[in-house]
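What follows is a single structure, written as structure tokens, with notes after it.
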Amino acid sequence: MVSHHKEAKETLRFSGVAASRGIAIGPAYRYFRTFLFAEDRELAVSEVGPEIERFDAAIAKARQEIEKVRRVSEQKVGAAVSSIFEAQRMMVSDEFILSTIRQRIKQELKPAAYVVDMEFSAHQRKLEASDNPMMRERADDIEDIKQRLLRYLLDRKKWLSKIEVPSILVADILTPADAILFARSSMLGFAIDGGGVTSHVAILARSLGIPAILALHAAAEHIETGDMLILDGERGELIVCPDAETLRGYEQEQSIVHGSGVEQSGPIIEEDAPVARTTDGHATTLLMNLEFGSEVAIIEAERLSDAAARSNGKKQLGLGLVRTEHFLLLHDEFPTEEEQNALYKDLADRFYPAPITLRTFDVGGDKVLSGTYREDNPFLGWRGLRISLDEPDLFLAQLRAILRASARGNVKIMFPMVTTVDELERALAFVKEAKSTLQSNGERFDEHLPVGIMIEVPSAAIMAESFVPLVDYFSIGSNDLTQYTLAVDRGNDLISTLYQELHPAVLRLIKLTVDAGKRGGKPVSICGELGSYPLATPLLVGMGIAEISVAPSSVRALATRLRLLNHAECKELTSSILASSVSPEDVKREILQFLSERQLIDLFSESTLRPGSGARMIKK
Ligand code: PEP
Ligand code: MG
């Protein structure tokens, strides 16, 4: 974000897009990537042969280096995410591109470096002109290959990708290859001026499990190697040379976010069930959110589930939201039914007998797929279930793939972006059709597989009562519910201070949903970011939300908070807030007072008292 302001004398704050969660504290390592350009000149005819040989040698070297990066990446983040580099390798093996370059060297008598620069820049421009933000971000991948080739052809030094002391890397641009190579040394996190949430470098940061902020615009030029930094990947804030108090606050929060310290305060979940209980015995089930496609994320969630296993070794901590569309962000095509089934089945087996909730593809909105149409208002457009209903073959393939993974009885289906009852009825008809196809093929699946919906559009919350008879459960998507209720784009940093999940309008819609679920005997969970927002915990308990699903890194802290609360008191607080608050400030004030009366303020309010926390960037 462009705006930055001096807070104390030498403290600077920058806000950008929180691309990978977590908090890093440490000195800056300023990385300068040089951008090479090739000069034009005319070759003598006798130079053409050697020039083409030099070009071929550069290509061979590029392939070797990309292969090396891919291997390191596979070790670090697994095969799925490393396919990013497969696309780069294909580009340097593309005979059409290579022979065009050779031909131009020969026919136009131009140096190889110059032709490489021209050809690859032309591809980049095409991508940059795309309406699709994901395609635009792929232009950075081409820049990486182009610069690699220019470096060989212009005989420049190798880039240095090593940090000697544990540091936060700051740069104006960072390529996926840089990120992987730096991850081998002591990179605590990275903050870069460019990039977007769907860029490969963002995906890599999440897979590596290191905090990252992108789109800081002009932060890097203000930072020097050695400057003390706080990289707040929870809120997208970079603080340069923080004062002692801010630093202390963040050090405390870092231990909460990363789970240390909280561990000693009790088991993640309690002996008899995957729950955390309040002081008066009210149980809330804990679950985890998973961004599908990243092996590292799966391993992290699995590890936590193992840690929370019963003494007989059976896993209890399951997945309340699996964002299946994240797998698509790494691939340009929809996976086949077989490919999907293999992935879903693997996940179901790894978590068995804990439940896994597979949300059908939520593409569109901010999760754009290449080849989709340009829309003026993508968040109000062709998104989520709307796309699935319009593309029956894709939808049925995904439903069959999920159903076939459900035979052991621990899989649930969830539909995103449900707006009307009619949509849900149509979606359920597809589930029926998928089941009958499998039945006639003699395939096994869980006949009673629970089917639920996200409540993330105000119309669905208001009409929750009408959805009750059709579903097995509701799950509140507070991220979208907030943006649609308050008409605030969740990814637009210009208006991020208006994005208030604790706005009473949002809370009332959540309450409507919980009450409708209770009356109809259907469980209501929450899987939006509100679940991990410390100040919201008393309200979620007070409203009687049965299950809370949060990122694995937030589970322990959530469990600890739940155990410190009293259900009856939270209920009272919630009733009072719902009855009289008119603004998010009112809500926060009342919660803070409630917490401070109980000496709980430190554990609950850390993240909300800090200035600038209105900007909670929650896109993944
Ligand atoms: C939500 O909207 O709250 C949600 C959990 O879904 P997503 O963030 O994937 O849109
Ligand atoms: Mg959503």
Side-chain angles (χ1 to χ4, degrees), residues 17-21 197-198 202-203 206 234 236 287-294 297 301 319-329 356-369 377-388 412-419 423 452-461 464 473-492 496 499-503 505-507 509-510 513-514 524-533 536 540 545 547-555 558 616-620:
V17 172
S20 179
R21 301 189 64 164
V197 270
T198 51
I203 292 169
R206 293 195 287 274
E234 302 290 305
L287 289 157
M288 295 177 286
N289 292 347
L290 179 77
E291 323 250 299
F292 201 44
S294 155
L319 303 173
L321 164 66
V322 178
R323 291 180 164 101
T324 60
E325 67 280 359
H326 274 256
F327 187 74
L328 303 176
L329 293 176
I356 68 163
T357 309
L358 296 171
R359 182 175 74 181
T360 57
F361 296 136
D362 184 14
V363 285
D366 59 332
K367 300 152 185 155
V368 194
L369 263 194
N377 286 307
F379 273 120
L380 303 181
W382 205 44
R383 179 183 169 190
L385 189 62
R386 296 170 185 178
I387 297 185
S388 298
K412 300 182 189 186
I413 290 184
M414 182 154 77
F415 297 131
M417 268 297 282
V418 179
T419 313
E423 280 172 346
I453 59 171
M454 303 270 305
I455 298 285
E456 52 184 348
V457 179
S459 66
Y473 65 93
F474 289 144
S475 185
I476 293 162
S478 54
N479 307 342
D480 277 311
L481 191 59
T482 304
Q483 87 161 341
Y484 292 129
T485 304
L486 302 177
V488 177
D489 179 343
R490 64 194 259 187
N492 183 340
S496 58
Y499 185 90
Q500 295 285 355
E501 297 143 295
L502 287 180
H503 194 292
V506 178
L507 299 177
L509 289 177
I510 295 178
T513 308
V514 175
V524 180
S525 61
I526 181 163
C527 60
E529 295 294 305
L530 193 60
S532 54
Y533 192 4
L540 301 180
I545 291 193
E547 304 181 344
I548 306 182
S549 188
V550 296
S553 56
S554 303
V555 173
L558 172 65
R616 286 168 51 79
M617 302 301 302
I618 39 132
K619 289 205 306 180
K620 298 280 169 168

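Whatever order the structure lists ligands and atoms in, that order sets their numbers, starting from 1.
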Between T360 and S388, is there a side-chain donor-acceptor contact under 3.5 Å, judged purely by atom types and distance?
no
Student check: side-chain heavy atoms of D480 and R490 closer than 4.5 Å
yes
Under 3.5 Å: donor-acceptor pair, side chain of Y533, backbone of L502:
no
For the metal site, I want the angle between atom OD2 of D480 and atom OE1 of E456 with the Mg ion (ligand 2) at the apex, to 10°.
100°
Ignoring angles and geometry beyond distance, decide whether E325 reaches within less than 3.5 Å of ligand 1 through its nitrogen or oxygen atoms.
no
Could you check whether D362 pairs with R386 (Lys NZ or Arg NE/NH1/NH2 to Asp/Glu carboxylate O, under 4.0 Å)?
no
Answer yes or no: is there a side-chain heavy-atom contact under 4.5 Å between V322 and L319?
yes
Interfacing atoms of ligand 1 (cut-off 4.0 Å, heavy-atom, G477):
1 (C), 2 (O), 3 (O)
Might you point out which heavy atoms bring M417 and G384 nearest each other, and give the distance in Å?
CB-CA, 4.1 Å
Heavy-atom contact check, 4.0 Å cutoff: does M454 meet ligand 1?
yes
Take every heavy atom of R383, measure it against each atom of ligand 1, and state whether any distance is under 4.0 Å.
yes
Using a strict 4.0 Å cut-off to heavy atoms of R490, name the atoms of ligand 1 that fall inside it.
2 (O), 7 (P), 8 (O), 10 (O)
Numbered atoms and elements of ligand 1 in range of L321, under 4.0 angstrom, heavy atoms:
5 (C)
Check E325, R383, R359 against P416 for a side chain to side chain contact (heavy atoms under 4.5 Å, CB included) and give me the one that passes.
R359
Ligand 1 atoms in contact with C527 (distance to a heavy atom under 4.0 Å):
5 (C)
Between Q483 and ligand 1, find which residue part has any heavy-atom pair under 4.0 Å and reply side chain, backbone, both or neither.
neither
Pick, from E529, E456, R323, the option with the minimum heavy-atom distance to atom 5 (C) of ligand 1.
R323
